[in-house]
Amino acid sequence: MKSLVSHEGQHCANCTTPLVGEFCHECGQSVHSVLQPMHHMFEETVETVLHIDSRIVHTLPPLFLKPGFLTLEYFSGRRVRYIAPFRLMFVLSLLCFFGLHLATSEVIDQGLAKHQQRVLSDRGSDFAQAANADKVHELLDDKINALDAVQTFGSTTAAAAVGSAKQALRAAANQRLAELHAQPLPAPASSAVTLESPFPHRVEHFRISWLPGSVNDRLNVVAQHISDNMYAATHGDEATREAARDRMVTGVFGKLPGAMLVLVPVFALLLKLFYVFKRRLYMEHLIVALHSQAFLFLWLLLCTLLAALAGWLEPHALWTTSPLNWLERALVLWAPIYLLLMQKRIYRQGWPMTLLKYWCIGWFYFWLLSFVLLGAIGLGLAH
């Protein structure tokens, strides 16, 4: 703990006002100089970190467990013990999207690996169920298309095994065609596989008449970048495809925090419109929106961590699957209940009116969120 120090007789170096504490009451400048030994700076850094940690302990539990508590504390003027709403929302959004990025990448990799294994292990045993030659050709086309997708999006090892898998499928198809006394498949013209991208490498310029020319130009640039990324993800060697996919995923998750930041003042305006007769300042609704968003980010982060924990424990401790599933269900239900209780406690209206406004605000917020997320995804794909 800091000892009390008297500053009697000292004057502010900036405005020469007599000091009564560590900060000048006229200009706010600190009495401490920035020119000090390194060990003093280290001590102040440790003290700042510990102070932030204490505010985290006072902020996160009530944010998650007490609907509306932090907001009412701010309205009452008790703010020092808690992290500021904007900083709280922003930090939690970064942590949330970082966790989602890691989890999404892992899920995509696992899903692609399982799909590749299933497609490559297919040897055409279901050709025996084909009743005629047309059905054999249809099944073979579907399987060849799946192998082409593996060659485009799969790993180097999987792409190298596509050729032998296609030969096995053609052999099984010819065997079934021989059983049906039909013509065999024509010999392939070349062992190489030519892939056509569904996305043109160059985008034809489009123009929306009611938008300014600069906006149309920007939209064309974004569309061209998306086309280039898609083309790179479906063509070229493995390194090029992997880099394009990583660039797009990173771009999407990089745009999401900023997109959610734009949504906060719009959400506050929505609250202002629905509670216009409460005569609250817009800043009060903004604090409600910031705390609501902060809770949602914390909730989504906990859901992601819980799902990752369940996936990690399942192979090692199967008995944990059932309790973790129940905990996930409870966590999912807690979000709408929390937001409803928060709205009720802050705006202090009866249950019928609260439920009606809760439903209307949720409906508008859903569409706002959808448009913002679509915009963020589009900009992210153009990264």
Side-chain angles (χ1 to χ4, degrees), residues 55-93 95-96 256-257 259-304 306 325-374:
R55 286 189 293 166
I56 289 177
V57 172
H58 290 123
T59 302
L60 292 186
L63 173 67
F64 188 74
L65 298 174
K66 297 182 178 181
F69 175 80
L70 283 182
T71 306
L72 294 175
E73 286 285 278
Y74 259 76
F75 289 171
S76 301
R78 295 183 288 270
R79 300 185 294 268
V80 176
R81 299 177 62 193
Y82 311 109
I83 301 175
F86 177 79
R87 181 181 301 178
L88 177 65
M89 189 276 297
F90 186 71
V91 172
L92 286 176
S93 70
L95 292 175
C96 175
L256 286 178
M260 299 305 296
L261 184 62
V262 172
L263 188 60
V264 170
V266 181
F267 181 41
L269 180 60
L270 192 63
L271 292 173
K272 176 70 173 178
L273 293 176
F274 273 90
Y275 288 97
V276 63
F277 297 110
K278 283 292 182 177
R279 301 183 182 277
R280 290 184 178 271
L281 298 174
Y282 175 78
M283 185 58 65
E284 295 179 89
H285 298 292
L286 187 60
I287 293 175
V288 175
L290 288 171
H291 280 149
S292 300
Q293 294 289 97
F295 163 77
L296 289 175
F297 287 132
L298 179 59
W299 170 79
L300 191 55
L301 178 61
L302 292 178
C303 290
T304 304
L306 187 61
N325 286 339
W326 279 106
L327 186 58
E328 289 178 356
R329 296 187 184 99
L331 196 58
V332 169
L333 291 175
W334 177 233
I337 295 174
Y338 179 100
L339 295 174
L340 176 61
L341 294 177
M342 180 179 181
Q343 185 174 328
K344 178 71 169 65
R345 291 174 181 175
I346 291 174
Y347 294 105
R348 302 176 183 275
Q349 284 191 327
W351 277 110
M353 187 61 67
T354 299
L355 289 171
L356 177 62
K357 291 185 177 181
Y358 178 77
W359 185 88
C360 294
I361 292 172
W363 188 85
F364 280 107
Y365 182 80
F366 170 78
W367 287 109
L368 284 173
L369 180 63
S370 300
F371 286 125
V372 169
L373 291 180
L374 286 176

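Every heavy atom of this structure was used, including side-chain atoms; hydrogens, water molecules and symmetry mates were not. Nothing fancy with the numbering, it's 1 onward along the sequence.
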> I need the Ile361 CD1 to Leu356 CG distance, nearest 0.5 Å.
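Those atoms lie 9.5 Å apart.
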> Please list, chain by chain and in numerical order, all residues satisfying salt bridge (Lys or Arg N to Asp or Glu O under 4.0 Å) with Arg78, sequence neighbours excluded.
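So Arg78 forms a salt bridge (Lys or Arg N to Asp or Glu O under 4.0 Å) with Glu73.
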> Please give me the minimum heavy-atom distance between His291 and Leu88, naming the atom from each residue.
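Answer, listing the atom of His291 first, then Leu88: CD2-CD2, 4.3 Å.
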> In chain order, what residues pass the side chain to side chain donor-acceptor pair (under 3.5 Å) check against Arg81, with sequence neighbours excluded?
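Arg81: side chain to side chain donor-acceptor pair (under 3.5 Å) contacts with His58.
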> Main chain of Phe64, side chain of Trp334: is a donor-acceptor contact present, judged purely on distance under 3.5 Å?
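Side chain of Trp334 to backbone of Phe64, a donor-acceptor pair under 3.5 Å: yes, one is there.
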> Does any part of the side chain of Leu290, heavy atoms only, come nearer than 4.5 Å to the side chain of Val264, both counted from C-beta?
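They are in contact (side-chain heavy atoms under 4.5 Å apart), so the answer is yes.
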> Considering residues at least two apart in sequence or located in another chain, which fulfil the side-chain contact (heavy atoms from CB on, under 4.5 Å) criterion with Leu306?
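Leu306 satisfies side-chain contact (heavy atoms from CB on, under 4.5 Å) with Leu324, Leu327, Glu328, Leu331 once adjacent residues are dropped.
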> Pick from Leu302, Leu300, Leu298: which one makes a side chain to side chain contact (heavy atoms under 4.5 Å, CB included) with Cys96?
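Going through the options one by one, the only one that passes is Leu300.
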> Checking Gln349 now: which residues fulfil side chain to side chain donor-acceptor pair (under 3.5 Å) with it, not counting sequence neighbours?
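Residues passing side chain to side chain donor-acceptor pair (under 3.5 Å) with Gln349: Lys357.
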> Determine which pairs satisfy salt bridge (charged side-chain N to carboxylate O under 4.0 Å, His left out) with at least one residue from residues 329-341, sequence neighbours left out, and list them in order.
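Applying salt bridge (charged side-chain N to carboxylate O under 4.0 Å, His left out) to every pair that reaches into residues 329-341, excluding sequence neighbours, yields nothing.
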> Please work out whether the ring planes of Trp359 and Trp363 are parallel, tilted or perpendicular, with thresholds of 30° and 60°.
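The arrangement is parallel - the two ring planes meet at less than 30°.
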> List the residues meeting side chain to side chain donor-acceptor pair (under 3.5 Å) with Thr304, not counting sequence neighbours, and say none if there are none.
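So Thr304 forms no side chain to side chain donor-acceptor pair (under 3.5 Å) with any residue.
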> Which residue pairs pass the salt bridge (charged side-chain N to carboxylate O under 4.0 Å, His left out) test when at least one of the two sits in residues 338-349, sequence neighbours left out?
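Qualifying pairs, neighbours excluded: none.
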> Does some side-chain heavy atom of Ile287 sit less than 4.5 Å from a side-chain heavy atom of Leu70?
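Leu70 vs Ile287: side chains apart.
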> Got a sec, which residues hit ring pair (Phe, Tyr, Trp, His ring centres under 6.0 Å) with Phe69, two or more places apart in sequence or on another chain?
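Counting only residues at least two positions away or on another chain, Phe69 forms no ring pair (Phe, Tyr, Trp, His ring centres under 6.0 Å).
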> As an exercise, state the distance from CG of Leu271 to CZ of Phe364, rounded to the nearest 0.5 Å.
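One finds 12.5 Å between CG of Leu271 and CZ of Phe364.
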> Under 3.5 Å, is there a donor-acceptor pair linking the side chains of Tyr338 and Gln343?
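Short answer, no.
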> Distance check, rounded to the nearest 0.5 Å: Leu269 atom CG versus Phe274 atom CZ?
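Separation between the atoms: 11.0 Å.
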> Would you mind listing every salt bridge (charged side-chain N to carboxylate O under 4.0 Å, His left out) that reaches into residues 264-291, with sequence neighbours excluded?
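Non-adjacent pairs meeting salt bridge (charged side-chain N to carboxylate O under 4.0 Å, His left out): Arg280-Glu284.
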> Sequence neighbours left out, what passes side-chain contact (heavy atoms from CB on, under 4.5 Å) with Ala268? Give chain and number order.
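Applying side-chain contact (heavy atoms from CB on, under 4.5 Å) to Ala268 gives Tyr282, His285, Leu286, Ala289.
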> To the nearest 0.5 Å, how far apart are CG in Leu374 and CG in Leu369?
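If I round to the nearest 0.5 Å, the distance is 9.5 Å.
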> Can you confirm whether Phe295 sits close enough to Leu92 that some side-chain heavy atom of one is under 4.5 Å from a side-chain heavy atom of the other?
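Of all side-chain heavy-atom pairs linking Leu92 with Phe295, none is under 4.5 Å.
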> Could you tell me which residues satisfy side-chain contact (heavy atoms from CB on, under 4.5 Å) with Leu340, sequence neighbours excluded, listed by chain and number?
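Once residues adjacent in sequence are excluded, the partners of Leu340 under the side-chain contact (heavy atoms from CB on, under 4.5 Å) criterion are Trp351, Thr354, Leu355, Tyr358.
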> Not counting sequence neighbours, which residues clear ring pair (Phe, Tyr, Trp, His ring centres under 6.0 Å) with Tyr82? List them please.
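Listed in chain order: nothing, the list is empty.
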> Grab the two heavy atoms, one from Val332 and one from Trp299, that are nearest each other, plus how far apart they are.
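Smallest interatomic distance, heavy atoms only, reads CA-CZ2, 3.9 Å.
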> CD1/Ile346 to OG1/Thr71 distance, rounded to the nearest 0.5 angstrom?
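Atom-to-atom, Ile346:CD1 and Thr71:OG1 are 4.0 Å apart.
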> Using atom types as modelled and distance alone, determine if a side-chain donor or acceptor of Ser93 lies under 3.5 Å from a backbone N or O of Pro257.
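Side chain of Ser93 to backbone of Pro257: no pair is present.
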> For residues Phe86 and Leu261, determine if any side-chain heavy atom of one lies less than 4.5 Å from a side-chain heavy atom of the other.
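Heavy-atom side-chain distance check passes, below 4.5 Å.
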> Under 4.5 Å between any side-chain heavy atoms of Val91 and Phe297, yes or no?
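They are not in contact (no side-chain heavy atoms under 4.5 Å apart), so the answer is no.
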